[in-house]
Amino acid sequence: MSSLSDLINLDLGETSTEKIIAEYIWIGGSGLDIRSKARTLPRPVSDPSKLPKWNYDGSSTNQAPGKDSEVILYPQAIFRDPFRRGNNILVICDAYAPSGEPIPSNKRHNAAKIFSHPVVAAEEPWYGIEQEYTLLQKDTNWPLGWPIGGYPGPQGPYYCGIGADKSYGRDIVDAHYKACIYAGINISGINAEVMPGQWEFQVGPSVGISAGDELWAARYILERITEIAGVIVSFDPKPIPGDWNGAGAHANYSTKSMRKDGGYEVIKKAIKKLELKHKEHIAAYGEGNERRLTGKHETADINKFVWGVANRGASVRIGRDTEKEGKGYFEDRRPASNMDPYVVTSLIAETTILWKP
């Protein structure tokens, strides 16, 4: 008799069928909740434009009224499915009304317009996003490894730490790391963060709209893995009040002009533009960010814009290598861990490339 595990791990490639399973993934009405459902396709597909559109009940995701609830999914990016494996796929979608208009919570549509602008496309904007998150115990919503109702020792030994008294949830983190590589996501690393139970993964360098597609796919995979592990993943920017680090999603960014000789001057001009639009960016950089951007715990105050070289208390940081070589990239440290990568990446490109002060 087969076990449940045996059946879950059935390899469809061992049968004579060409059929595959496609998991359609989209973002729900809160802007952070990830939804998905699966369908059977007659054969393997590698081009998202060859995939059929699909629909769902938007009244159950706070994206449409009950009397007109149909929302249409447009496939946009394909990744290999690390859960079903074989030729099965994960499909990142965005959502539209039956009329063809993007629904209000579809932030990918506007981002794609910005990244397809000829001036932006010519600059080949690269992104590396540092996604921080916190693992919580399912029944208590308290960080993994923390005593129930109590606190661990103060911060210091946990950042990139090892050992059972310092590192909590490494099996989840490593499973996620490998699953993302399998899926074809350009994940570039992981590390334990300053607060115990908090971790980070990095996606990039990715070009343009693909940065958002890859980060949402990586978040989906993380949510699925924590579901299996019976653990909750939180993207709250300040999950624990007090003398504990918050969680961000620092955006490392460069354009072709910044990566060329003389790029340091281009970087400084771009940072000046970001300073002039500081309030607009803060408003788009995630909910609850005011609890994180306090001027403490490696952040700048939310009401001030400060940039500097190797300064982790700045709004925008330039690395020593970039300063030395006179070209490279900079890091926008303001985005919260719950930010929408479509919004953040496209806004940075729009401000630094298209906007004329």
Verify same cluster id: Trp307, Ile302 (apolar side-chain graph, 4.5 Å): no
Taking the ring of Tyr151 and the ring of Trp142, is the distance between their centroids below 6.0 Å? yes
Could you check if a side-chain atom of Glu18 sits within less than 4.5 angstrom of a side-chain atom of Pro42, using non-hydrogen atoms only? no
Rounded distance [0.5 Å steps], CZ in Phe201 versus CG in Leu222: 6.0 Å
Salt bridge Lys107-Asp340, side-chain N to carboxylate O under 4.0 Å: no
Without hydrogens or angle criteria, can the side chains of His250 and Arg334 be said to hold a donor-acceptor pair below 3.5 Å? no
Trace of the ring pair (Phe, Tyr, Trp, His ring centres under 6.0 Å) decision for Trp146 with Tyr168: CA-CA 9 Å; Trp146 290 34; Tyr168 311 119; 8.8 Å; no
Do His278 and Ser315 have side-chain atoms, one donor and one acceptor, less than 3.5 Å apart? no
I need the single residue from Val343, Asp213, Ile27 that forms a side chain to side chain contact (heavy atoms under 4.5 Å, CB included) with Arg108. Which is it? Asp213
Nearest-0.5 Å distance, OG of residue Ser254 to CD1 of residue Ile267: 7.5 Å
Do Glu287 and Met339 touch side chain to side chain, with heavy atoms closer than 4.5 Å? no
Decide side-chain contact (heavy atoms from CB on, under 4.5 Å) for Ile181 and Tyr177; before the verdict, give the C-alpha distance in whole Å, the side-chain angles of both, and the deciding distance to 0.1 Å. CA-CA 7 Å; Ile181 291 175; Tyr177 195 179; 3.9 Å; yes
Is the ring pair Tyr24/Trp54 parallel, tilted or perpendicular, if the boundaries are 30 and 60 degrees? perpendicular
Does either side chain, that of Glu214 or that of Ser206, offer a donor lying less than 3.5 Å from an acceptor on the other one? yes
What is the distance from atom OG1 of Thr294 to atom NZ of Lys296, rounded to the nearest 0.5 Å? 6.5 Å
side-chain hydrogen bond (donor to acceptor under 3.5 Å, both in side chains) evaluation trace for Gln202 with Ser188: CA-CA 5 Å; Gln202 303 95 34; Ser188 48; 4.6 Å; no
Extract all donor-acceptor atom pairs below 3.5 Å that involve side chains of residues 118-128 and protein atoms in other chains or at least two apart in sequence.
unit_1 : atom_1 : unit_2 : atom_2 : d
Glu123 : OE1    : Thr255 : OG1    : 3.4
Glu123 : OE1    : Lys256 : N      : 3.2
Glu123 : OE1    : Ser257 : N      : 3.0
Glu123 : OE1    : Ser257 : OG     : 3.1
Glu123 : OE2    : Ser257 : OG     : 2.6
Tyr127 : OH     : Thr345 : O      : 2.6

Cation over ring face, Arg224 and Phe83, 6.0 Å, 45°: yes
Common cluster, Leu135/Trp244, ILVMFWY with side-chain heavy-atom separation under 4.5 Å: no
Checking side-chain polar atoms at under 3.5 Å, does Tyr133 have a donor or acceptor matched by the opposite partner on Asp236? no
Could you tell me whether the side chain of Pro239 reaches within less than 4.5 Å of the side chain of Met195, counting heavy atoms only? yes
Dump the intermediate steps for side-chain contact (heavy atoms from CB on, under 4.5 Å) on Ile185 and Val203, then the final yes or no. CA-CA 8 Å; Ile185 294 167; Val203 168; 4.3 Å; yes
Would you list the atom pairs, donor with acceptor, under 3.5 Å between side chains in residues 156-163 and any protein atom, with sequence neighbours excluded?
unit_1 : atom_1 : unit_2 : atom_2 : d
Tyr158 : OH     : Gly153 : N      : 3.2
Tyr158 : OH     : Gly153 : O      : 2.8

Worked verdict on Asp94 versus Trp26 for side-chain contact (heavy atoms from CB on, under 4.5 Å): CA-CA 6 Å; Asp94 57 356; Trp26 72 96; over 6 Å; no
Between Glu101 and Ser99, does any side-chain donor sit less than 3.5 Å from a side-chain acceptor? no
Phe235 six-ring face occupied by Arg219 cation (under 6.0 Å, within 45°): yes
Cluster overlap Ile21 with Val91, hydrophobic side-chain contacts below 4.5 Å: no
Going by the salt bridge (Lys or Arg N to Asp or Glu O under 4.0 Å) test, which pairs reach into residues 35-54, not counting sequence neighbours? Asp33-Arg35
Would you say Ile129 ends up clustered with Phe115 if hydrophobic residues are merged whenever their side chains have heavy atoms under 4.5 Å apart, either directly or through other cluster members? yes
To the nearest 0.5 Å, atom CZ of Arg317 lies from atom CZ of Phe330 at 12.0 Å
Go through it in stages, so that I can follow the logic: the residues are Ile78 and Leu51, the test is side-chain contact (heavy atoms from CB on, under 4.5 Å), and I'd like the CA-CA distance, side-chain angles, deciding distance and then a yes or no. CA-CA 10 Å; Ile78 291 175; Leu51 289 168; 3.7 Å; yes
Do the ring planes of Trp216 and Tyr342 sit parallel (below 30°), tilted (30 to 60°) or perpendicular (above 60°)? tilted
Against Asn245, only a single residue in His297, Gln198, Glu298 fulfils side chain to side chain donor-acceptor pair (under 3.5 Å); can you say which? Glu298
Would you tell me whether Gln63 and Ser105 have side-chain atoms, one donor and one acceptor, within less than 3.5 Å of each other? yes
State, with a plain yes or no, whether a side-chain heavy atom of Asn62 is found less than 4.5 Å away from one of Ser30. no
